Structure formats: structure tokens, C-alpha cells
J.: 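First the structure, then my questions, so here it is.
Given the structure is predicted, the values throughout are model-derived calculations rather than measurements. Keep in mind that the numbers below use all heavy atoms, side chains included, and drop hydrogens, waters and symmetry copies.
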Number of protein chains: 2
Amino acid sequence: MTITIRDVAEAAGVSTATVSRALRGLPNVDETTRAKVKAVALSMDYVISPSASRLASGRTGSIGVVTPQVAGWYFSTVLSGVEAVLQQAGMDLLLMSVGDESSPVPRNLVAPRLNRRVDGVITIALAPQDAQLQSVLSLHLPTSLIGAAIAGVSTAGIDDVAAARTATQHLINLGHRRIAVITGAPPGEFFTAPHARYLGFTDLMREAGLAVDPALETRGYFTIAGAESAMTKLLAERERPTAVFAMSDEMAFGAMRSLRNHGLHPGRDVSVIGIDGHDMSELLDLTTVAQPVQELGGIAAEALMRQIRSDDGQVPTHVQVPTQLIVRGSTAPPAN
Amino acid sequence: MTITIRDVAEAAGVSTATVSRALRGLPNVDETTRAKVKAVALSMDYVISPSASRLASGRTGSIGVVTPQVAGWYFSTVLSGVEAVLQQAGMDLLLMSVGDESSPVPRNLVAPRLNRRVDGVITIALAPQDAQLQSVLSLHLPTSLIGAAIAGVSTAGIDDVAAARTATQHLINLGHRRIAVITGAPPGEFFTAPHARYLGFTDLMREAGLAVDPALETRGYFTIAGAESAMTKLLAERERPTAVFAMSDEMAFGAMRSLRNHGLHPGRDVSVIGIDGHDMSELLDLTTVAQPVQELGGIAAEALMRQIRSDDGQVPTHVQVPTQLIVRGSTAPPAN
DNA sequence: ATGAAAGCGCTAACAG
DNA sequence: CTGTTAGCGCTTTCAT
């Protein structure tokens with residue numbers, strides 16, 4: 001029924017070993033032989049059996065990508081960067097989503113599902129202390145992290161502290177003094193983007209001699225809706241902020257929405273800045289600190305491939321790509 | 001080094017066959033034996049080797065998901081629906097992106113990459129005549145289509161004609177007579193969403209006794225930027241349209257952006273309606289015909305699983321989920 | 001440069 | 001209910 005390497009070997013008048021070598025481009029095969037084998041294989045529509053190949057070689061030819069969610073701008077954009085590189089490297093991409101830590105029902109660990117089926121793993125935005133990430137690391141597979149840094153593991157990301165500083169600096173430069181922040185997760189819970197960005201914010205505020213009013217710190221949970229109510233809460237303050245730093249563009253969108261619902265105009269009445277460089281930020285005229293999200297995925301995937309190919313303990317790489325302040329209409333000098 | 005089924009068998013004092021049965025929950029195993037085997041396997045951290053299992057059984061336990069792009073709201077949202085179902089079904093998800101047909105360099109066909117490594121395939125928004133889809137179908141694997149219909153294959157989608165009619169009707173009901181359309185791909189090239197939606201539009205216009213002015217038909221290529229310039233072109237017409245039907249929300253966003261750049265206000269000056277129910281549509285106050293995108297992914301995945309489980313030729317299912325008109329500020333009666 | 005042969009770790013009859 | 005025994009289709013020494 002299905003045609004095997006032996007059929008090809010017979011048809012080509014060589015051994016299965018030679019077919020295997022020829023088709024995989026291994027050395028020590030006469031080029032004439034190789035050409036013939038290839039031709040025969042092609043004519044017979046021969047396709048190598050991955051399962052058999054994997055079993056015999058121990059290599060799976062696939063990479064697991066672990067992410068807290070598959071929908072959402074950031075995740076899907078990173079994923080597309082990863083996918084492009086893996087495809088080009090001839091690797092299969094196994095997608096596994098793990099709810100994030102805050103999910104009510106603790107999902108099963110991914111590690112078992114990853115265990116014997118991938119040659120390496122890429123995680124997206126999993127915090128170092130996350131149980132899922134820990135379980136992945138315990139597999140001792142080549143691993144590459146996106147948006148989180150751990151010593152000894154390849155990572156790709158931005159300098160979150162610097163990005164937050166850039167955003168804050170921009171607001172201060174415009175003349176803002178009363179600046180609110182919409183954080184994602186509670187800062188400090190994990191040392192990851194929210195925490196680092198919070199640090200960058202408070203550091204710079206302190207350096208500028210500005211107070212960080214606890215009443216102006218709210219949580220937006222990295223969602224539009226969450227940030228919208230956070231902003232609404234901020235607007236209820238007796239002394240409103242003149243500017244808001246949202247830790248993600250989507251949260252900035254939510255803040256802008258709240259402003260509009262209150263008859264306020266982003267930029268004119270209250271300045272809003274985000275971090276991301278979301279596809280929609282241009283459309284919504286949002287000032288933001290852009291990060292090359294897709295590129296991050298590509299970088300992580302390439303680091304992983306390098307690690308797998310030179311299967312000795314290749315030194316893990318830590319790539320930090322620059323961010324870029326993009327000024328648009330949502331930020332302006334304070335009205336008063 | 002790695003522990004195999006035989007280690008477990010010996011430790012448990014049974015044969016490998018029994019271990020295999022016990023662990024997979026097959027019948028004809030004494031529950032006492034099963035419990036013991038499970039305990040031993042657990043204590044030894046035994047994990048079944050997928051490659052070996054696949055080779056021996058012929059089943060891969062994984063599903064290929066073929067999509068024109070992995071980033072983008074529609075695709076990532078569908079994908080998340082698919083992923084949820086597959087994960088719950090214990091299936092691996094192999095993600096493969098194929099550029100779309102319009103890509104300059106014709107990518108390699110996915111079929112070979114899919115060939116012996118999946119038990120079934122789900123395609124997202126691949127048109128019936130698309131060479132990639134054809135190659136997938138030629139594999140004769142259980143297949144489930146999202147956003148495209150082909151007889152004999154399970155499909156999940158919306159009634160694109162009806163959705164377009166609903167959108168058009170809404171504009172007509174508001175009193176619009178001069179209605180423009182921003183299509184995606186050139187209509188007719190493939191019989192899929194763009195074509196069906198175009199049909200719905202023209203049908204209803206005709207029924208309403210309204211002319212479809214060729215000058216008011218433009219292409220937005222399903223992108224924000226594309227639609228923006230399409231809208232700009234429409235605004236240059238001597239006789240501007242009072243309303244625009246964009247075949248996707250993202251194109252509607254682009255149209256709205258163009259309006260704003262021209263000092264016009266969506267709804268007040270020109271009405272805009274889209275199709276999708278994009279996450280951002282609420283934020284941008286866009287009237288749209290919403291489709292349950294994530295659900296479509298789930299439905300397709302479930303249909304596929306059913307097909308695979310009852311491995312006889314399960315009758316393909318054709319699910320068409322309803323859409324819903326969501327009226328927001330971007331549509332209003334014509335100004336004049 | 002090529003071939004022979006021994007597995008890789010599991011599943012699936014087939015016996016018992 | 002459980003064990004025996006062939007493979008599944010390829011890779012990989014080890015010879016030649």
C-alpha cells in the first residue's frame with residue numbers, strides 16, 4: 001500500500017542504507033547514485049515516514065511552542081515570527097497553549113505532552129517562576145525564551161525597564177507631573193514585563209523628582225476592558241492625572257475608550273502612552289514604545305535551531321532588541 | 001537511559017502487551033493489574049514514546065492546521081478555537097502556514113509536509129481552487145474546512161451571502177442609496193468569502209432597485225492600509241457614496257481612518273459597516289455583522305475528531321453558524 | 001562508496 | 001485476562 005524505503009531501494013537497485021543516505025544529503029554517496037535514487041524516489045512519490053525516522057534516529061524534527069494564549073495580537077505576532085523560521089528550517093511546529101498562571105483551574109503541565117515529541121521548546125511570555133515554565137525547563141531540552149530572561153537559557157526580548165523609562169520620560173518631557181500608570185499583573189508577583197516596566201516607571205519618576213501617587217497606580221490586566229475600568233477609576237480621583245502610562249497598547253486603547261466615554265480627548269485632555277507598537281496603534285493615533293514583536297519570535301527560533309544543530313552545549317544567547325518611541329496624537333503637553 | 005515499556009513490564013511483572021493495554025485504557029485488563037501497572041509506570045516516570053507508538057499503530061495523534069497566515073485577528077482567533085478542542089482531545093497541533101495564493105513567490109505545497117505526519121487536517125480560509133487546498137485534499141485524509149465550502153468535506157462557516165445582505169440591508173434601511181463596497185480579493189477569482197459577500201451585496205442592491213455603480217467598487221485586499229486607500233479613492237469621486245460596506249472589519253477600520261484624515265466623521269458624514277465582530281470594532285464604534293470566529297475553529301476541530309474516531313467514512317458535516325448585526329456609531333442615516 | 005543487519009519502542013494479532 | 005511474537009519503516013554501526 002504505502003511505499004517504503006525498501007521499495008525505493010529495490011527499484012533503484014541499491015540498499016536501503018544508500019537510499020537513506022542519498023535522500024538525506026549525507027556524504028559518502030556517489031553523486032550518480034544519489035541522483036538516481038532521488039529520481040526513483042520522486043517517481044514513486046516516496047515520502048519518508050517521520051515516525052520511523054524518529055524512532056530510529058531519536059530526533060523528532062519538531063519544536064514545541066508554549067504560549068499562554070494563541071489569540072491576541074502579541075502572541076500571534078510572535079508566533080508568526082517563530083513559524084517563519086521553523087518552516088524554513090524544516091522543523092514541525094507543535095503549538096501548545098497553557099492557560100496563564102492566573103487561570104482559576106490550574107491546567108495540566110505541558111511538560112509531559114512535550115516530553116518525547118520535540119527536539120526543543122520555545123516559550124512565549126512565560127514568567128521565570130511560572131510552574132509551566134519550570135516544568136518545561138526540567139525537561140532539559142534545548143529551550144529558547146521570549147519575553148523573559150533566565151540565566152543559562154537563550155532569551156529574546158526587549159529591555160522592559162528601558163522601554164518604560166522611555167515612555168515615562170516622554171510624558172515628563174511634555175511637562176506632565178501628575179502621571180498615572182496602568183499596570184498589567186500585580187507588580188512583583190513575577191519578575192517579568194509588568195514588573196520590569198513598573199521599575200522603569202518608578203525609577204524615572206524618582207529621578208525626575210516626581211511622586212508616584214499610589215492612587216494613580218491601577219491594574220488593567222493587560223486587557224482593553226480591564227484598562228478601561230482602570231482609567232475610569234483614575235478619572236474618579238479628586239485630582240486627576242494629566243497623563244497615563246499604560247504598560248501595553250491594548251491597555252492604552254482601553255484607557256482611550258474610557259476617556260472618550262467621559263467626553264475627554266486623548267492627548268488634549270489626558271495624554272496616553274502605551275508599549276507595543278500594536279497594529280492598531282497607528283489607526284488610533286496612540287503614542288507608543290514599539291517593540292519588534294515578530295522579530296523576537298524569529299530570533300528565538302533561530303537561537304534554538306543553532307542550539308540544536310551544534311548539539312554540544314552551545315552557549316545560550318541573550319538578545320535584547322531596541323525599542324522605538326513613536327509619537328502620535330495621544331500625547332501632548334498638559335492642558336493647564 | 002530512557003526507560004521503555006519493557007522496563008515497566010518487568011518492574012510490574014507483566015508483559016509489555018499488558019502494559020500497553022493498561023496504560024491506554026483498553027479493555028480486557030484486570031483492574032487490579034491496570035492499577036498496578038499505572039502505579040509502576042508513574043513511579044518510574046515512564047512516558048510513552050510517540051514515535052514508536054506511531055510507527056507501530058499507524059496513528060500519529062496529531063492534526064495539521066493549514067492557514068494562509070498565523071498573525072492577524074481572524075486567523076489567530078480561529079486557531080485558538082481549534083487549539084482548545086484539540087488539546088482537550090489529546091491531539092497534537094501541527095501548525096503550517098502557506099502564503100496565500102496572491103503571494104509573489106508560489107510557496108512549496110504543504111501536502112508533502114503533512115503527508116505521513118498527521119491524522120487529519122484543518123484548513124483556515126483556503127479557497128476551493130487554491131492549489132494548497134487541492135494538494136491537501138489529494139492526501140485523502142480526514143479534513144475539515146473553515147470558511148470555505150466543498151461538497152464531501154466537513155465545513156464550518158457563516159452564510160457569507162446572508163451576512164453581506166444583512167450589512168447592505170442595514171445601510172439601505174437607514175436611507176442610503178449611494179452605497180460603495182470595499183471588496184477583498186477581486187470578486188470571482190475564488191468562490192469564497194469575498195465572492196459570496198459580493199453576491200450578497202449586489203443581490204440586495206438589485207432587489208432594492210439600487211444601482212451598483214462600478215465606480216463605487218474598490219478593493220481593499222483585506223488589509224487596513226488597502227482599504228484606507230480604497231476609501232480615499234472613493235472620496236475622490238465626483239459623487240461620493242454616503243455609505244460604505246467593507247467586507248471585513250479591518251478594511252472598515254482603514255476606511256474610517258481615511259475618513260478621519262479627510263476631516264470626515266464615520267457615521268455622521270459617511271456610514272461604514274464591516275463584517276467580523278473584530279475585537280477592536282467596539283472600541284472604534286464600528287457597526288458590523290459579527291461572526292463567532294473562535295467557535296468556528298472549535299466546530300471544525302470537533303467535526304474532524306468525530307470523523308477520525310469513527311474511522312468509517314463518517315458523513316461530512318456542514319455547519320453554518322448565524323451572524324449578528326451589531327449596530328454602533330459608524331452607521332447612521334445619510335446627512336442630506 | 002555501499003551493503004548487511006541490528007535495533008529504535010511500541011502495537012496488534014494470535015494464542016492460550 | 002495475559003503473554004508471545006511479529007513487525008511498523010527507518011537509521012546506523014560495522015563490514016566490505
J.: For the residue pair P68(A) and I124(A), what are the closest heavy atoms and their distance?
T.: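 Closest approach of P68(A) to I124(A), heavy atoms only: CD-O, 3.1 Å.
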
J.: Hey, does the side chain of T2(B) come within less than 4.0 Å of dG9(C)'s phosphate (OP1/OP2), counting only N and O?
T.: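 Answer yes for this pair, as a side-chain N or O of T2(B) is under 4.0 Å from OP1 or OP2.
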
J.: Could you list all N or O pairs between the protein and nucleotides 14-16 of chain C that sit under 3.5 Å apart?
T.:
none

J.: Counting only non-hydrogen atoms, which of residues 50-57 of chain A are less than 4.0 Å from DNA chain C?
T.: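 L55(A), A56(A) - these, ordered by number, are the residues of the stretch whose heavy atoms sit under 4.0 Å from the strand.
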
J.: Sequence neighbours left out, what passes salt bridge (Lys or Arg N to Asp or Glu O under 4.0 Å) with R34(B)? Give chain and number order.
T.: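 If we apply the salt bridge (Lys or Arg N to Asp or Glu O under 4.0 Å) test to R34(B), skipping adjacent residues, the hits are E31(B).
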
J.: If I take atom CD in residue E10(B) and atom C1' in nucleotide dT2(D), what distance separates them, rounded to the nearest angstrom?
T.: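 Rounded to the whole Å, the gap is 17 Å.
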
J.: Check DNA chain C against residues 22-45 of chain B and give the residues with a non-hydrogen atom under 4.0 Å, in numerical order.
T.: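 Output list: R24(B).
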
J.: Could you check V153(A) against L137(A) for side-chain contact (heavy atoms from CB on, under 4.5 Å), going step by step and ending with a plain yes or no?
T.: CA-CA 9 Å; V153(A) 186; L137(A) 292 177; 4.1 Å; yes

J.: Return the 5'-most residue of the pair S49(A), V14(B) with respect to DNA chain D, ranking by each residue's nearest nucleotide.
T.: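 Going by which nucleotide is closer to the 5' end, it is V14(B).
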
J.: Can you check the I5(B) CD1 to dG3(D) P distance for me, whole Å?
T.: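 It is 12 Å, rounded to the nearest whole Å.
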
J.: Counting only pairs under 3.5 Å, give me each side-chain donor-acceptor contact of residues 87-98 of chain B, with atom names and distances, residues two or more places apart or in other chains.
T.:
unit_1: Q87(B); atom_1: OE1; unit_2: R107(A); atom_2: NH1; d: 3.3
unit_1: D92(B); atom_1: OD2; unit_2: R117(A); atom_2: NH1; d: 2.9
unit_1: D92(B); atom_1: OD2; unit_2: R54(B); atom_2: NH2; d: 3.3
unit_1: S97(B); atom_1: OG; unit_2: E83(A); atom_2: OE1; d: 3.4

J.: May I ask you to verify if any side-chain N or O of S20(B) is less than 4.0 angstrom from the OP1 or OP2 atom of dC10(C)?
T.: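 Checking dC10(C) against S20(B), no side-chain N or O comes under 4.0 Å of OP1 or OP2.
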
J.: Is there a side-chain contact (heavy atoms from CB on, under 4.5 Å) between Q291(B) and Y74(B)? Walk through the geometry before answering.
T.: CA-CA 10 Å; Q291(B) 56 173 328; Y74(B) 178 81; 3.8 Å; yes

J.: Please tabulate, for side-chain N and O atoms in residues 42-49 of chain B, each donor-acceptor pair with protein atoms closer than 3.5 Å (sequence neighbours left out).
T.:
unit_1: S43(B); atom_1: OG; unit_2: V40(B); atom_2: O; d: 2.8
unit_1: S49(B); atom_1: OG; unit_2: A52(B); atom_2: N; d: 3.2

J.: If you check the A17(A) side chain, which of dA4(C), dC10(D), dT11(C) turns out closest?
T.: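 My answer, after comparing the listed nucleotides, is dA4(C).
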
J.: If you define the side chain from C-beta out and look only at heavy atoms, does anything of I122(A) sit under 4.5 Å from L304(A)?
T.: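 Side chain of I122(A) against side chain of L304(A), heavy atoms only: contact under 4.5 Å found.
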
J.: Between T18(B) and dG3(D), is there a side-chain N or O to OP1/OP2 distance below 4.0 Å?
T.: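 Yes, within the criterion.
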
J.: Tell me: CZ of R59(B) to P of dT11(C), nearest whole Å?
T.: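 Between P of dT11(C) and CZ of R59(B): 9 Å.
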
J.: R117(B) side chain N/O closer than 4.0 Å to the phosphate oxygens (OP1, OP2) of dG9(D)?
T.: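 It does not, given that no N or O in the side chain of R117(B) lies less than 4.0 Å from OP1 or OP2 of dG9(D).
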
J.: For the residue pair A156(A) and I299(A), what are the closest heavy atoms and their distance?
T.: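 Heavy atoms only, the tightest pair is CB-CG2, 3.9 Å.
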
J.: Quick one, S138(A) and Q134(A) - any side-chain contact, counting heavy atoms below 4.5 Å?
T.: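 A side-chain contact under 4.5 Å is absent here.
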
J.: How close do P142(B) and D119(B) get, counting heavy atoms only, and between which atoms?
T.: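 Minimum heavy-atom separation between P142(B) and D119(B): CD-O, 3.3 Å.
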
J.: Locate the shortest heavy-atom distance separating G64(B) from L114(B); write the atom from each residue and the value.
T.: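 Looking at all heavy atoms of both residues, the shortest contact is CA-CD1, 4.2 Å.
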
J.: Tell me the interatomic distance from R6(A), atom CZ, to dG3(C), atom C1', rounded to whole angstroms.
T.: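 Between C1' of dG3(C) and CZ of R6(A): 14 Å.
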
